[in-house]
Structures are given as structure tokens and as C-alpha cells.
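In what follows, a single structure is set out as C-alpha cells and then discussed.
The shown structure was predicted, so the numbers you read here are calculated from the model rather than taken from an experiment.
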Amino acid sequence: MQRKIFLKALGLVPMALPLAELAGCVSAPKRPQSPARGDHEAARAYITALIRYEMVKHRVAGLSIALVDDQRIVWAQGFGYADLKRKIPASETTLYRVGSISKLFTAMAAMQLSESGKLDIGAPLLACLPGFEMKTRQPHVRPITPRQLMTHHAGLPRDRLKGFMHPHPQPFADLVKDLRHEHVAYPPDEIFAYSNLGISLLGAAIQNIAGAPFADHMRREMLNPLEMRDSAFETGYSNAASMAKGYLGCKAIVEYPLRDVPAGGLNSNVVDMSRFISMVFAGGASGGGCVLQAQTMAEMLRPQNEHVPLDLDFRIGLGWFLGSTHPALRHVGQVAGHGGATRLHRSQLYVLPEHKLGVVVLANTSTATPVVDRVAAEALALALEVKTGIRPQQLAKPPMAETPISADDMRTYAGSYTTLAGLVTITSTGKGLCAHVAGRRFDVKRRADGTFALAYSLLGIIPLHLKQLADVGFSRKTLQGRDILVAHIGAIQLLAGQRLGPTENDTGWERLLGEYDVANLDGDFSMFSDVRAVGEHGFLLVEMKSMMGSKQTYRVPLLPVSEHDAIAQANLAGMGETVRCVTFDGVQGLAFSGYYFKPKSSSTT
């Protein structure tokens with residue numbers, strides 16, 4: 001979540017900007033100013049118009065939404081098409097890949113086992129997952145626990161990319177043996193670090209304790225009690241006729257099966273997901289039975305990371321993200337939710353536990369990331385106003401300061417930073433500051449509140465007002481001895497990155513500069529292309545282009561720690577996932593996350 005927020009702030013999440021919109025010829029529907037209490041029709045009319053506007057703007061093929069008020073579905077409807085070619089409309093029963101919303105169910109299954117005394121979420125993971133072992137560079141590190149897996153504070157790599165998406169994926173439980181020679185990225189409880197890998201290990205532990213296949217256990221203990229009859233955990237698409245096709249832009253293509261089923265393998269529809277939301281509001285009760293005890297559900301929604309200074313204002317429960325940076329959901333009480341994404345499908349779920357209101361939005365197109373989030377947030381905020389009269393507080397954005405950036409600030413901020421968006425370099429122009437991110441140049445402007453903001457110019461000529469940039473401020477502070485970059489979104493502060501100091505690289509990694517191909521793809525979906533190791537301003541960088549729809553280029557600074565190992569630094573300097581120098585088929589290259597990379601000059605020999 002933090003990664004997505006920060007990438008949005010830098011304009012690196014793809015944003016559709018049709019020429020008609022730039023010319024002012026397209027207008028979004030206007031939100032009702034003061035809807036009457038109980039006027040669900042006015043709310044529905046606005047959200048319907050918003051959905052249709054956003055779907056056209058972002059070229060989304062199909063989308064379904066459900067709005068839940070405690071134990072009843074207020075509204076459930078589909079828009080567009082589940083199958084464009086056959087003209088099958090999307091409906092409330094259309095099945096989608098819900099992606100990472102699956103993690104909420106996996107966390108609940110772990111808590112069910114905790115209630116029965118079969119799983120101690122505070123004990124070492126090894127106790128419930130025999131054979132689990134990973135290397136660490138930090139001495140005296142405490143063992144990883146299931147609780148840390150659920151809060152993404154175990155310090156694990158984000159993914160095991162080799163085999164992540166494959167026509168015939170290996171069982172996810174095999175990850176245990178694949179990780180024995182890999183390093184953790186951070187010490188446990190050092191920082192929030194989102195990890196699909198961690199939730200898949202939790203799923204392997206659940207499977208081991210249950211003595212049954214994970215998908216079967218989830219159906220018996222979770223989906224059936226919730227009466228989610230059309231839903232299932234599967235590696236790929238459901239065989240049901242109601243399964244939506246997936247679209248890359250406007251093109252229907254095959255969605256590769258997923259190995260990490262506990263992290264993202266649920267197929268569901270908005271009606272079934274509404275039953276899950278109602279269970280949350282009922283304190284774990286559903287269909288006359290008890291899926292979880294009320295105190296367990298309350299614990300899952302309680303912040304678990306208040307003791308982690310580097311998380312700043314970011315909060316997470318057991319599986320649940322707590323709070324939202326979306327303007328529509330500020331000052332509406334407790335917000336909990338989770339989003340999801342496969343290569344082609346997108347999803348967003350939010351709940352307001354105090355008001356017993358929830359929403360879920362599912363879509364079948366790769367460009368729908370901003371659509372599902374905006375529709376879900378605005379639908380929930382408007383439903384809250386209709387139900388209670390509470391209107392989200394609109395915060396005025398700090399205006400830009402009239403005084404220029406001082407020479408002291410130019411000296412203070414100029415430098416290189418490792419961030420979730422890769423290397424960010426801030427330089428002085430003599431009259432101000434500019435930031436260089438993934439090949440884009442942003443002007444740095446001071447805001448009246450003392451923070452700084454980024455401004456982007458189209459082709460370097462036409463200033464472009466991107467809402468994601470205008471809403472975010474940046475500052476620097478020292479925390480736990482680290483010179484960190486802080487993102488300010490409204491009143492929320494999030495860790496964006498850390499300033500890099502000068503590096504001395506005498507480990508010989510310069511010999512590995514050049515272009516690379518994956519040598520052991522073996523049928524996997526290739527998540528990246530154009531892989532290069534380059535040197536720039538004294539830093540060693542790995543540069544690659546994402547193949548997950550955005551085609552965005554990322555440039556990650558490497559910190560060599562030995563002749564054979566380097567750290568791919570993310571938002572903390574000196575920490576991150578490991579890149580190794582290896583010999584593969586007699587050729588020296590790189591290894592990362594299960595893949596081997598050969599120099600292109602040797603790939604054709």
C-alpha cells in the first residue's frame with residue numbers, strides 16, 4: 001500500500017489523460033451537495049454516473065460494485081462487460097480475480113487456528129512450518145512469527161518471482177525449501193515491507209496444521225460458513241460461466257495462473273464479498289454461526305505496528321490496512337480495507353466498522369487501478385452521508401509559497417535518495433531544485449506549510465496539474481539516525497525513502513555492468529524486460545522495465561556488500577533484497593528472486 005501511495009505521488013502509477021480531457025472537453029459528474037438522509041437513489045445515481053465516466057476515461061471493460069449496510073446489501077450492480085467479444089454484461093454475480101483481498105481470508109484462517117489453540121501467532125514460524133529457514137545479515141535477530149507475516153513486518157522479500165506466474169505453477173508450499181539460501185530484506189519489526197511471499201508462507205503453515213490442501217480448508221472453514229457459494233481459492237480462472245475475461249487495455253489476453261494462492265488466488269463476486277463484509281460488522285458471526293469470535297475480529301482491526309517508529313503514521317491490523325489517504329475517507333472514523341491486483345484484474349474493499357458500512361469494487365482490466373479506488377471511496381463516503389449526515393471534511397491544500405527556495409534548502413535537499421520508486425536525485429538549478437525520477441524531471445516547489453511539492457511539465461513545456469502530485473508534500477527529518485524523506489498526504493506522514501551517502505565500491509561489481517536476459521524463464525510470465533546494470537553518479541543501479549501493464553522503468557540502487565552479494569535498496573539505505581553475482585552455464589551473471597540473468601552478449605552463444 002505504501003508503495004502504491006508513493007508511486008502515485010510521483011506520477012509513476014499509470015494515469016489515463018485523454019487529449020479531450022486535457023482540452024477541458026470531458027467533465028466528471030458532480031457529487032450531490034447535500035443529499036437528504038436516506039436518499040439512496042441520489043447516491044446511486046451519482047456513483048452510477050461516476051463509474052461510467054471512470055470506465056470510459058480509463059478504458060475499463062467490466063466492473064461490479066456492492067454497497068453493504070450492516071447485514072443487508074444496499075446496492076449491487078455490474079457495468080460494462082464480463083466478455084466484450086461475446087457481449088456478456090458484467091453483473092453482481094460476475095466472478096473476478098480479487099487479488100490481494102485474498103490475504104484477509106488467509107489471515108482470518110490463521111486466527112481461526114489461533115482460537116482453537118493450534119497456532120500461536122506470536123511463536124516462531126518454524127514451530128508451525130517445519131523446514132522454514134532464511135539467512136540474515138543482522139546478528140541476534142528474533143525469529144519471524146505468524147503475527148509479523150500478517151502485518152508485513154517479517155522483513156521478507158516482497159516475492160519469490162521465479163514461478164510466481166506460470167502456466168503450471170508449483171505448489172506454493174514448495175517455497176519453504178526454495179528460501180533456505182535466500183536472505184531476509186529487513187530485520188523483523190524494523191519497517192512495513194509488503195510481502196506476498198510472507199502470506200504464502202502463512203498459507204503453508206495453515207495447510208500444514210490443517211492436514212488438508214489449503215483451498216479445501218478455506219472452503220470448509222471460511223467460504224462455506226460465510227455462504228460464499230460461488231467463491232474459491234484457485235491458481236487461475238474459475239471454470240464457471242460467470243468468470244470474467246481479463247483485459248490488457250482493450251485486448252482480452254490470458255491471465256497466467258498464480259502460484260501464491262493464499263496471497264492472491266481468490267475468485268469471487270461482489271455478492272459473496274458482501275457476505276464477508278457483513279460478517280465483519282457482526283463481529284465474526286455469519287449465517288447463524290460463528291466464523292470468528294468477536295474479540296478476535298476486534299484484534300484484527302486493531303493497529304499492530306504503533307511500536308515501529310519508521311512506519312510514521314501508517315497503520316496496519318492483522319491483514320487489514322487501517323486508514324486511507326483518499327480525500328473522501330478522511331475524518332469519517334475508523335477505515336479498514338484492502339486492495340488487490342493480478343496482471344489483469346483490480347479490486348478494492350473498504351469498511352467503516354463504527355458505522356457498519358462497506359463497499360467492494362471489482363474490475364477486469366489492467367487500467368482499472370485508479371477506478372476501483374476512487375469509486376469505492378466515493379461510494380462509501382456518500383453512503384455514510386446519506387445514512388448519518390456526516391460529510392467528509394475537505395482539507396484545503398497548502399498553497400505554494402511566494403518566496404523562492406533558499407540557498408540553505410537547496411544545499412540541504414540536493415542529493416540522491418533510495419525510495420520505493422527507485423533512485424530519486426534532487427539537484428540544484430541555481431534558482432531552485434528539480435527531481436529526477438525514472439527518467440522524468442520534476443520541478444520542486446515550496447509549499448506554504450514548509451513542505452515541498454513536485455510539479456511535472458508535459459514534454460518539459462506545458463505544466464500539467466496532476467492531482468496525485470498536488471496533494472502530496474515532502475520533507476526531510478532524522479529518525480533513528482536515518483536521514484529520511486517523508487511524504488505528507490493531508491495530515492498523514494509516510495516514509496518515502498532515505499538519503500544515500502557517498503559509496504565506495506571496491507568489490508569489483510563494475511565488471512557486471514551491461515544488459516541482461518533472463519536465462520531460466522522456463523515458461524514463467526516475464527514481469528520485466530530491458531534489464532541493465534549501469535553506473536551513475538557513483539552509484540551502481542539495476543534498471544528494468546515493468547511488464548505488468550504500466551511499462552514503467554525502475555532504477556534501483558545496489559549496495560555491494562561483498563564480492564558476490566549486493567543489496568537492492570528500496571526505501572531504507574543499506575537494507576533490501578539480495579542480488580547475487582553467480583556463474584550460470586559457465587557465464588558470470590546475476591541472480592535475483594530465483595532468476596538467473598545472463599549478459600546479452602552471451603545469451604546467443
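Side chain of Thr478 to backbone of Gly481: no donor-acceptor contact under 3.5 angstrom is found. Side chain of Arg330 to main chain of Thr325: a donor-acceptor pair is present (N/O by atom type, distance under 3.5 Å, no hydrogens or angles). At distances below 3.5 Å, at least one donor-acceptor pair connects side-chain atoms of Thr388 with backbone N or O atoms of Leu384. A side-chain donor-acceptor contact under 3.5 Å links Thr418 to the backbone of Gln569. Using modelled atom types, one side-chain atom of Asp313 and one backbone atom of Gln493 make a donor-acceptor pair closer than 3.5 Å. Under a 3.5 Å cut-off, the side chain of Thr342 and the backbone N or O of Gly99 do not form any donor-acceptor pair. Judged purely by atom type and a 3.5 angstrom limit, Gln304 uses its side chain to pair as donor or acceptor with the backbone of Arg302. Counting only distance, with no hydrogens or angles, the side chain of Asp530 and the backbone of Lys545 share no donor-acceptor pair below 3.5 Å. Listed for the Ser347 side chain is a donor-acceptor partner under 3.5 Å among the backbone atoms of Gly340. Without hydrogens or angle criteria, His152 side chain to Ser195 main chain gives a donor-acceptor distance under 3.5 Å.
When ring centroids are compared, Phe597 and Phe528 come within the 6.0 Å threshold.
Judged by distance alone, the side chains of Asn196 and Asp260 never bring a donor and an acceptor atom under 3.5 Å apart. The closest side-chain donor-acceptor pair between Arg59 and Thr367, if any, does not fall under 3.5 angstrom. Tyr46 and Glu378 are linked by a side-chain donor-acceptor pair at a separation below 3.5 angstrom, with hydrogens and angles left out of the test. A donor-acceptor pair shorter than 3.5 Å cannot be found between the side chains of Lys103 and Thr106.
Ile199 and Ala263 get closest at one heavy-atom pair: CG2-CA, 3.9 Å. Residue Leu312 comes nearest to Leu495 through the heavy atom pair CD1-N, 3.4 Å, listed as atom of the first residue, atom of the second, then distance. Here the closest non-hydrogen pair linking Ser529 and Met547 is OG-SD, 3.4 Å. Taking all atoms of both residues into account, the shortest heavy-atom contact from Ser324 to Ile492 is O-CD1, 3.8 Å. Closest heavy-atom contact between Met400 and Ala453: CE-CB, 3.8 Å.
Residues Val359 and Val68 form no side-chain contact, since every pair of their non-hydrogen atoms from C-beta on lies 4.5 Å or further apart. Contact of the Pro188 side chain with the Val141 side chain is registered, since non-hydrogen atoms from C-beta on lie closer than 4.5 Å. Using a 4.5 Å cut-off on side-chain heavy atoms (C-beta onward), His345 and Leu362 make no contact. Under the 4.5 Å side-chain criterion, counting only non-hydrogen atoms from C-beta, Leu322 is not in contact with Ile316.
For Arg147, the salt bridge (charged side-chain N to carboxylate O under 4.0 Å, His left out) criterion is met by Glu299, not counting sequence neighbours. Legend: residues meeting ring-ring contact (aromatic ring centres under 6.0 Å, His included) with Phe452, ordered by chain and number and at least two apart, are Tyr413. Applying the salt bridge (charged side-chain N to carboxylate O under 4.0 Å, His left out) criterion to Arg499, with sequence neighbours excluded, gives no partner residue. Partners of Tyr350 according to the ring-ring contact (aromatic ring centres under 6.0 Å, His included) rule, which considers only residues two or more places apart in sequence or in another chain, do not exist here. With sequence neighbours excluded, the residues that form a side chain to side chain contact (heavy atoms under 4.5 Å, CB included) with Met55 are Ile51, Val60, Leu63, Phe79. Residues passing the salt bridge (charged side-chain N to carboxylate O under 4.0 Å, His left out) test with Glu190: none are found, sequence neighbours excluded. In this structure Phe164 satisfies the ring-ring contact (aromatic ring centres under 6.0 Å, His included) test with no other residue, sequence neighbours excluded. Not counting sequence neighbours, the partners of Asp565 by the salt bridge (charged side-chain N to carboxylate O under 4.0 Å, His left out) test are Arg137. Take Ala107 and apply the side chain to side chain contact (heavy atoms under 4.5 Å, CB included) test, not counting sequence neighbours, and it matches Met150, Met300.
The stretch residues 531-543 participates, sequence neighbours left out, in these salt bridge (charged side-chain N to carboxylate O under 4.0 Å, His left out) pairs: Arg532-Glu543, Glu536-Arg555, Glu543-Arg555. Applying the salt bridge (charged side-chain N to carboxylate O under 4.0 Å, His left out) test to pairs two or more places apart or on separate chains, those with a residue in residues 410-419 are Asp408-Arg411.
Checked against Arg346 for a side chain to side chain donor-acceptor pair (under 3.5 Å), the options Thr369, Asn364, Thr365 give a single hit: Thr369.
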In a table with atom names and distances, give each donor-acceptor pair under 3.5 Å that connects a side chain of residues 482-491 to protein atoms at least two apart or in another chain.
from   : atom 1 : to     : atom 2 : distance (Å)
Arg482 : NH1    : Gln498 : OE1    : 2.7
Arg482 : NH1    : Ala573 : O      : 3.1
Asp483 : OD1    : Arg476 : NE     : 3.1
Asp483 : OD1    : Arg476 : NH2    : 3.1
Asp483 : OD2    : Arg476 : NH2    : 2.3
His488 : NE2    : Ser475 : OG     : 2.6

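Ring-plane geometry between Phe192 and Phe321 is classed as perpendicular, the angle between the planes exceeding 60 degrees on a 0 to 90 degree scale with a lower cut at 30.
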